[in-house]
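Right, one structure below, let's go through it.
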Amino acid sequence: MEKLQPPRGTSDLLPQEMATQRYIFDTARAISQRYGFEEMATPIFEFTEVFARPLGETSDVVAKETYSFTDRGGAGLTLRPEGTAGVVRALISGGLTQNLPQKFFYGGAMFRYERPQKGRMRQFHQIGVELLGVSGAVGDAEMITLGALILAELGVAEQCTLHINTLGDGESRLAYRQALVDYLKPLRKKLSADSQRRLEANPLRILDSKDAGDRALLAEAPRLETYLNAESKAHFDSVLKFLDAEGVKYQINPHLVRGLDYYTHTSFEFITEALGAQGTLLAGGRYDGLAGMLGGADVAGVGWAAGVERLAMLIKAPSAPTVDVMLIGLSDELLVRLFPLGAELRRVGLRVELGYTHNLGKQLKRADRINATHAVILGDDEARRDGAILRDMESGAQEEVALKDLATKLRAKKS
RNA sequence: GCGGGUGUAGCUCAGUCGGUUAGAGCGCCAGAUUGUGGAUCUGGAAGUCGCGGGUUCAAAUCCCGUCACUCGCCCCA
């Protein structure tokens, strides 16, 4: 421990950052509730299989980015790298599949062992929503409009674009995947090293390659659109119809694919230019295959997650709360007489600070710094008359008020 | 995991053809104002120059390693 710093990829949330995160969290929760989503929470760690099975044993997230460990009882556990798998596991564990649909809002810390960058931490925070048991396109569309409304409420909607695509159902996806592999196999040598690897591990990801050579090859590649079966195509068209009805602007992006194996049909991302390579603010899609992969009955699902740190970088922090009154006693004996007043005011909801020393100048300075609107000053002269000075910190005007009347007076000023 | 950049006071940064006690602004503390904040003036404290090693008579400055941050790739919120 050379310089006493937090572990790589983690950071402290000092009050200012905490306030911003709290604001994002509260805003998202409040708006989700308007859509009927209720908050829930799952454990921060799960049995490793909960993530390994649905995410795919070979996916990078599971293969090299998880914090996995064996506990003292020998159980194989993993810190959650994302929220959806845990929520669906909870749905199955709790027998909630008997009572669908279920609508959840959640948020909290996620963990991925990655190379840190701005907007990409090893411990980071997500908020997310999951709609379970609704297979219709209305569900996809509702989730997207919920995301759009939250981003608008946070004031970042102007800075991002909604990209949307469909992967089709399992059948369509498989057929296309095969066609893509058949097309690319003979061209293997011309692909970038990364994409050659993807060809084995996750061929659809090649569509998202940033390599210029790959992109050129893809121009002639088979198109996903033509491999969609009738149901898949109808589902996507319907999603777009719902979005059009609400006037949600989107951009169809055939190269938008998901890294995680359980996604089907719609996938979408709200992307901003403002954060460089970490521009995805909120992303999700439909995952009708997930519950089955976890060993439960098939349950349709659609959801998204948003990166709190990324959002925090784009919004202006809510202003610091103001203090209603600062109580300053010019000696400990005098402060004792003000002490109960502080308690009384706090009981009725005022924010009260105490002067921790008896140096008047210093305490007024502190009152100024913490944005106190009023100060109560008690010195020997006033105390003899059972009064105290009430000072308006903005105007500097002050008057002597009887101690017994202070609470009433301050409450009146507050309202 | 791969490639590039950066790291000097609490903060933002100057300071490199290596050369006496390492600087500025902001902030902080004190005084002018011994019972009155926000302005001004004066003074002050504060730095293992990220850390470790090497080269040299001499290293913030050059070299190597390491840690952290950062940009791109991978992956992804």
Side-chain angles (χ1 to χ4, degrees), chain A residues 1-11 14 24 55-56 58-66 81-84 107-128 147 160 192-195 197-198 201-202 205 208-211 214 256-260 268-272 275-285 303-313 326 328-331 334 355 358-372 374-383 388-389 391-398:
Chain A
M1 215 183 290
E2 296 292 333
K3 202 193 166 183
L4 206 58
Q5 54 197 182
R8 186 172 202 201
T10 69
S11 71
L14 297 178
I24 291 168
L55 299 186
T58 59
S59 77
D60 274 18
V61 170
V62 166
K64 53 183 206 193
E65 293 181 2
T66 51
E82 58 96 39
T84 305
M110 307 291 165
F111 305 85
R112 288 182 200 173
Y113 187 86
E114 296 184 278
R115 178 129 177 197
Q117 271 178 45
K118 187 169 57 176
R120 195 181 70 182
M121 310 283 286
R122 289 182 171 181
Q123 174 178 338
F124 62 104
H125 298 82
Q126 287 189 336
I127 48 179
C160 59
S192 65
D194 282 327
S195 287
R197 188 175 48 74
R198 292 185 183 110
N202 194 351
R205 264 280 161 194
D208 204 22
S209 175
K210 285 167 187 162
D211 182 84
D214 289 351
L256 181 69
V257 290
R258 289 267 83 101
L260 307 181
F268 56 90
E269 296 189 8
F270 288 85
I271 300 172
T272 178
L275 296 179
Q278 278 71 243
T280 301
L281 290 175
L282 184 155
W304 54 251
V308 176
E309 282 82 0
R310 292 183 186 180
L311 289 169
M313 284 188 281
M326 171 116 168
I328 305 169
L330 267 36
S331 70
L334 294 165
H358 308 306
N359 180 324
L360 181 54
K362 235 183 235 180
Q363 292 310 319
L364 280 174
K365 191 165 184 165
R366 181 163 154 253
D368 183 50
R369 197 153 35 201
I370 64 181
N371 257 327
H374 292 86
V376 168
I377 303 162
L378 184 60
D380 287 320
D381 296 347
E382 298 81 23
I389 293 171
R391 178 179 180 84
D392 182 309
M393 289 302 292
E394 201 184 337
S395 67
Q398 49 185 49

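Computed from heavy atoms alone, side chains included, the values below leave out hydrogens, waters and symmetry copies. Chain identifiers are assigned alphabetically (A, B, ...) following the order of the sequence lines, protein sequences preceding nucleic acid strands; residue numbering begins at 1 within each chain. Predicted model, so just to flag it, every value in this text is computed and none were measured.
Applying the side-chain hydrogen bond (donor to acceptor under 3.5 Å, both in side chains) criterion to A:R391, with sequence neighbours excluded, gives A:Q398. For A:D381, the side-chain hydrogen bond (donor to acceptor under 3.5 Å, both in side chains) test picks out A:R384, with sequence neighbours left out. For A:N359, the side-chain contact (heavy atoms from CB on, under 4.5 Å) partners two or more places apart in sequence, or in a different chain, are A:T357, A:K362. A:R8 pairs by the side-chain contact (heavy atoms from CB on, under 4.5 Å) definition with A:R115, A:P116, A:R122, not counting sequence neighbours. In this structure A:D214 satisfies the side-chain hydrogen bond (donor to acceptor under 3.5 Å, both in side chains) test together with A:S192, A:S195, A:S209, sequence neighbours excluded. With sequence neighbours left out, the side-chain contact (heavy atoms from CB on, under 4.5 Å) criterion links A:A109 to A:F111, A:Q123, A:H125. In this view, A:Q278 and A:Q117 satisfy the side-chain hydrogen bond (donor to acceptor under 3.5 Å, both in side chains) rule, not counting sequence neighbours. Under the rule for a side-chain contact (heavy atoms from CB on, under 4.5 Å), the partners of A:A388 that lie at least two apart in sequence or sit in another chain are A:V376, A:L378, A:L403, A:L406.
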What's touching nucleotides 5-7 of chain B from the protein side, N or O pairs under 3.5 Å?
none

Under 3.5 Å, which N/O atoms of the protein pair with N/O atoms of nucleotides 41-43 of chain B?
none

Distances under 3.5 Å only, N/O to N/O: pair up the protein atoms with those of nucleotides 9-11 of chain B.
none

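A close approach under 4.0 Å does not occur between any side-chain nitrogen or oxygen of A:R205 and OP1 or OP2 of B:C74. Contact annotation: A:R8 reaches the phosphate of B:A68 (side-chain N/O to OP1 or OP2, under 4.0 Å).
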Using a 4.0 Å heavy-atom cut-off to protein, can you give one letter per nucleotide of nucleotides 34-40 of chain B, 5' to 3': B if the base is in contact, S if only the sugar-phosphate is, - if neither? -BBBB--
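Separation of the C1' atoms belonging to B:U33 and B:U42 is 14 Å when rounded to the nearest angstrom. Remark: the separation of the C1' atoms in B:C76 and B:C17 is 46 Å, to the nearest Å. Straight-line distance between the P atoms of B:C57 and B:G18: roughly 15 Å, to the nearest whole Å.
Contacts of A:M121 with the nucleic acid, taken as non-hydrogen atoms under 4.0 Å apart, include base atoms.
Nucleotide B:U42 forms a Watson-Crick or G-U wobble pair with B:A30, both donor-acceptor distances falling under 3.5 Å.
The residue among A:A306 and A:K210 whose nearest nucleotide of RNA chain B is located toward the 5' end is A:K210.
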